[in-house]
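The structure appears right after this line, and notes come after that.
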Amino acid sequence: MLNVGIISTWHVHTRDYVAQLKNHGKVNICALWDEDPQKGRDIAAEWKVDFEENFEAFINRKDFSAVICNAPTTMHFDLLLKSAEAGKHIFTEKLLTVTTQDAEQLAEKIRRAGIIFTISLPLRCNAAILYIKELVDSGTLGRISGARFRRSHGGVSDAWLPEYWFDTSMTGGGAMMDLGAHPVYILSFLFGPPVRVTGLLTQPFGSSSDENAIGLAEFKDGILGTMETAFLTYGVPDLLEVYGTEGSVFMEGPDLRVRTKSLDALSFNDARPKALPAGRPSPVIQFAEACLNKTGSPEYLGIDDAVLMTRTIEAIYQSDKTGQTLRF
C-alpha cells in the first residue's frame with residue numbers, strides 16, 4: 001500500500017488526481033495541507049483525512065512516503081524543496097517552478113535525495129501522440145521541417161475561469177504558463193530541447209496576465225515549431241501538425257490523418273491509422289506504480305523534462321518582454 005499526503009487543493013486537477021488514486025486500490029490518502037486553512041479543513045473532512053495547518057508538521061509525518069502537489073505554481077519551489085528534504089516521493093502539477101534557476105536548484109535536491117519524481121505531462125501518455133512520435137523517430141515522415149501544436153479554450157472570452165487564475169503572485173503567468181505548457185512539452189517530446197525561442201504574448205481582454213500566446217522555436221536540424229495557446233477561443237480541439245519531406249501527420253482532437261508518399265502511391269490519401277500503440281496510464285497512476293514497485297521516475301515524466309519545460313516557458317516570457325530571440 002502506498003500512503004500519500006496531498007499538498008494543497010488549489011489546482012483544478014486536484015479532485016481528479018484524488019479520484020484516480022482512490023480508485024487505484026493500493027493507494028491510501030493520509031493527510032492534507034492547504035495554504036487556505038479553512039478550505040483545507042473543509043475538504044479534509046469531506047475526504048475523511050487528517051488536516052495539517054503547519055506544513056513542517058505535515059511534511060515530517062511518518063505515515064506517508066509520497067506527496068501529490070497541487071499548490072500555486074509560485075509556491076512549488078519552497079514546498080517541493082522541503083518535500084525532497086523530508087525524503088518524500090514527489091508528484092507535481094506543472095510547471096515545476098516559475099524560473100529556471102529555481103527549477104535547476106530543486107532538481108539537484110531531488111536527484112541527491114534519490115526519490116521518485118513525476119510531473120504531470122498527460123499528453124505524453126496519449127496513444128495518438130505516441131504514434132506520432134513513432135512516425136518521427138522511425139523516419140517515416142522523412143526529414144522534418146516544421147510542426148505546430150495548439151491548445152486553447154474560452155476561459156477569458158466566455159468568462160468562466162476563476163478570478164484566482166489571474167493572480168500572477170500565485171500562477172506566475174497566464175495562458176502560456178498554464179495551457180501553453182502542453183504545446184511546449186509536446187514539441188520537446190518530439191524533437192528534443194529547443195535551440196532558440198521567441199515569444200509573443202497579448203492581453204486583448206485586458207486581464208492581468210497573458211490571454212493569447214505563441215512561442216516560436218528552432219529545434220535540431222533546423223526544425224521550426226509553433227507552440228500556440230489562448231484563453232480566447234471557442235470550439236477548438238487540440239491541433240497538432242508535423243511536416244516532413246516524405247509525409248505529414250495531422251491531428252485534430254481524436255481524429256488523426258497521415259499522408260506519406262508510400263501511402264499516396266497506393267491511393268490511400270489522408271489515411272487513418274488502422275491501429276495505435278497502447279496509451280500509457282495517466283501520470284499520477286504511473287507515479288503510484290513507480291512508488292509501489294520502486295522502479296524510478298516514469299519515462300518521459302521526469303525531472304529533466306520538468307526543468308526543460310520551465311526553461312522554455314521562461315524564455316518565451318523573457319523574449320516577449322525584451323523583444324529578443326533567446327538562445328539555449
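For the numbers below, each heavy atom of this structure counts, side chains included, while hydrogens, waters and symmetry mates do not. Along the sequence shown, residues carry numbers from 1.
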May I ask whether Val67 and Leu21 are part of the same hydrophobic cluster, defined by side-chain heavy atoms of I, L, V, M, F, W, Y residues being less than 4.5 angstrom apart, directly or through others?
no

Do the non-hydrogen side-chain atoms of Thr295 and Glu289 ever get within less than 4.5 Å of each other?
no

Anything under 30° is parallel, anything over 60° is perpendicular, the rest tilted; go ahead and classify Phe55 against Trp33.
perpendicular

Can you measure from CE (Met75) to OG1 (Thr73) and round to the nearest 0.5 angstrom?
11.0 Å

Considering all heavy atoms of both residues, which atom of Ala71 and which atom of Leu79 are nearest to each other, and what is their separation?
CB-CD1, 3.5 Å

If you look at every heavy atom in Asn3 and Cys30, which pair is closest and at what distance?
CB-SG, 3.6 Å

Do Ile285 and Tyr300 sit in one hydrophobic cluster, given that two such residues count as connected whenever their side-chain heavy atoms are within less than 4.5 Å of each other, even indirectly?
no

With no hydrogens and no angle check, is any side-chain donor or acceptor of Glu211 less than 3.5 Å from a backbone partner on Gly206?
yes

Looking at Lys133, I'd like to know if its NZ atom is crowded, meaning that more than 12 non-hydrogen atoms belonging to other residues, nucleotides or ligands lie closer than 6.0 Å.
yes

Under 3.5 Å: donor-acceptor pair, side chain of Asp102, backbone of Phe77:
no

Using modelled atom types and a 3.5 Å cut-off, is there a donor and acceptor pairing between side-chain atoms of Thr310 and backbone atoms of Val307?
no

Same cluster (ILVMFWY, side-chain, under 4.5 Å), Leu239 and Leu190
no

Is it true that a side-chain atom of Asp210 and a backbone atom of Gly174 form a donor plus acceptor pair closer than 3.5 Å?
yes

Over 60° means perpendicular and under 30° means parallel, so tell me whether Trp160 and His153 are parallel, tilted or perpendicular.
tilted

Given side chains that start at C-beta, do those of Trp165 and Phe231 come closer than 4.5 Å, heavy atoms only?
yes

Check Arg311 with Asp304, please: is the shortest side-chain N to carboxylate O separation under 4.0 Å?
no

Is the backbone of Lys39 close enough, under 3.5 Å, to the side chain of Asp42 for a donor and an acceptor to pair up by distance?
no

Rounded to the nearest 0.5 angstrom, the CD1-NE2 distance for Ile68 and His13 is 14.5 Å

Give the cluster check for Leu276 versus Val249: same hydrophobic cluster or not, with ILVMFWY residues linked at side-chain heavy-atom distances below 4.5 Å.
yes

For Ala315, does its backbone N or O pair with a side-chain atom of Ser319 as donor and acceptor, under 3.5 Å?
no

Start with the C-alpha gap between His24 and Leu292, add the side-chain angles, then the distance that decides, and say whether side chain to side chain contact (heavy atoms under 4.5 Å, CB included) holds.
CA-CA 12 Å; His24 182 275; Leu292 287 164; 3.6 Å; yes

Evaluate whether atom CD of Glu134 has more than 12 neighbouring non-hydrogen atoms of other residues, nucleotides or ligands under 6.0 angstrom away.
yes

Just by modelled atom types, is the Arg143 backbone N or O under 3.5 Å from a matching donor or acceptor in the Thr245 side chain?
yes

Between CG on residue Asn212 and CG on residue Leu232, distance to nearest 0.5 Å
5.0 Å

Are any non-hydrogen side-chain atoms of Phe219 and Ile144 less than 4.5 angstrom apart?
no

What's the verdict on side chain to side chain contact (heavy atoms under 4.5 Å, CB included) for Lys88 and Lys82, showing C-alpha distance, side-chain angles and the deciding distance?
CA-CA 9 Å; Lys88 307 296 188 186; Lys82 291 175 181 177; over 6 Å; no

Is it true that Arg41 and Glu53 make a salt bridge, defined as a side-chain N closer than 4.0 Å to a carboxylate O?
yes

Are any of the side-chain heavy atoms of Ile316 and Met227 separated by less than 4.5 Å?
yes

Student check: side-chain heavy atoms of Leu224 and Leu216 closer than 4.5 Å:
no

Spacing of CD1 belonging to Ile43 relative to OG1 belonging to Thr9, to within rounding of 0.5 Å
3.5 Å

Got a sec: does the CD of Glu163 have more than 12 other heavy atoms crowding it under 6.0 Å?
no

Under 3.5 Å, is there a donor-acceptor pair between the Glu314 and Thr99 side chains?
no

Give the C-alpha distance, both sets of side-chain angles, the deciding distance and a yes or no for ring pair (Phe, Tyr, Trp, His ring centres under 6.0 Å) between Phe58 and Phe64.
CA-CA 10 Å; Phe58 167 84; Phe64 61 84; 5.0 Å; yes

For the pair Tyr17 and Phe91, name the ring-plane relationship: parallel under 30°, tilted 30 to 60°, perpendicular over 60°.
perpendicular

If I compare all heavy atoms of Val136 with all of Leu141, which pair ends up nearest, and what's the gap?
CG2-CD1, 4.3 Å

Glu52 and Leu32: CA distance, side-chain angles, deciding distance, side chain to side chain contact (heavy atoms under 4.5 Å, CB included) verdict:
CA-CA 6 Å; Glu52 291 280 4; Leu32 166 68; over 6 Å; no

Closest approach of Thr171 to Gly173 (non-hydrogen atoms, all atoms of both residues)
OG1-O, 2.8 Å

Leu301 versus Cys125, closest heavy-atom pair with distance
CD1-SG, 4.5 Å

Check: Leu95 main-chain N/O paired with His76 side-chain donor or acceptor under 3.5 Å
yes

Rounded to the nearest 0.5 Å, how far does CD of Gln286 lie from CZ of Arg124?
11.5 Å

So do the side chains of Asp50 and Arg61 get within less than 4.5 Å of each other, counting heavy atoms only?
yes

Step through the shown structure and confirm whether more than 12 heavy atoms of other residues, nucleotides or ligands are within 6.0 Å of NZ on Lys26.
no

Main-chain N/O of Ile223 paired with Asp221 side-chain donor or acceptor, under 3.5 Å
no

Is Gln101 atom CD crowded by more than 12 heavy atoms from other residues, nucleotides or ligands, each under 6.0 Å away?
no

Counting C-beta onward and ignoring hydrogens, is there a side-chain heavy-atom pair between Met177 and Ile313 closer than 4.5 Å?
yes

In a check of side-chain contact (heavy atoms from CB on, under 4.5 Å) between Tyr185 and each of Leu121, Leu308, Ile119, which one passes?
Leu121

Taking C-beta and beyond as the side chain, do Ile129 and Leu240 meet within less than 4.5 Å on heavy atoms?
yes

Is it the case that one hydrophobic cluster holds both Val284 and Ile29, taking links as side-chain heavy atoms less than 4.5 Å apart, direct or via other members?
yes

Can you list the residues that meet the ring pair (Phe, Tyr, Trp, His ring centres under 6.0 Å) rule with Tyr164, with sequence neighbours excluded?
Trp10

Would you say the side-chain atoms of Ser297 pair up with the backbone N or O of Phe117, donor to acceptor, closer than 3.5 Å?
yes

Rounded to the nearest 0.5 Å, what separates atom OG1 in Thr312 from atom OH in Tyr317?
13.0 Å

Please evaluate residues Phe149 and Leu123 with respect to the criterion side chain to side chain contact (heavy atoms under 4.5 Å, CB included), reporting the C-alpha separation (whole Å), side-chain torsions for both, the decisive distance (0.1 Å), and the verdict.
CA-CA 12 Å; Phe149 186 96; Leu123 289 178; 3.6 Å; yes

Residue pairs passing the side chain to side chain donor-acceptor pair (under 3.5 Å) test where at least one lies in residues 224-237, sequence neighbours excluded
Arg148-Glu228, Arg150-Glu228, Ser152-Thr233

What pair of heavy atoms forms the shortest contact from Phe191 to Ala147, and how long is it?
CE1-CB, 3.6 Å

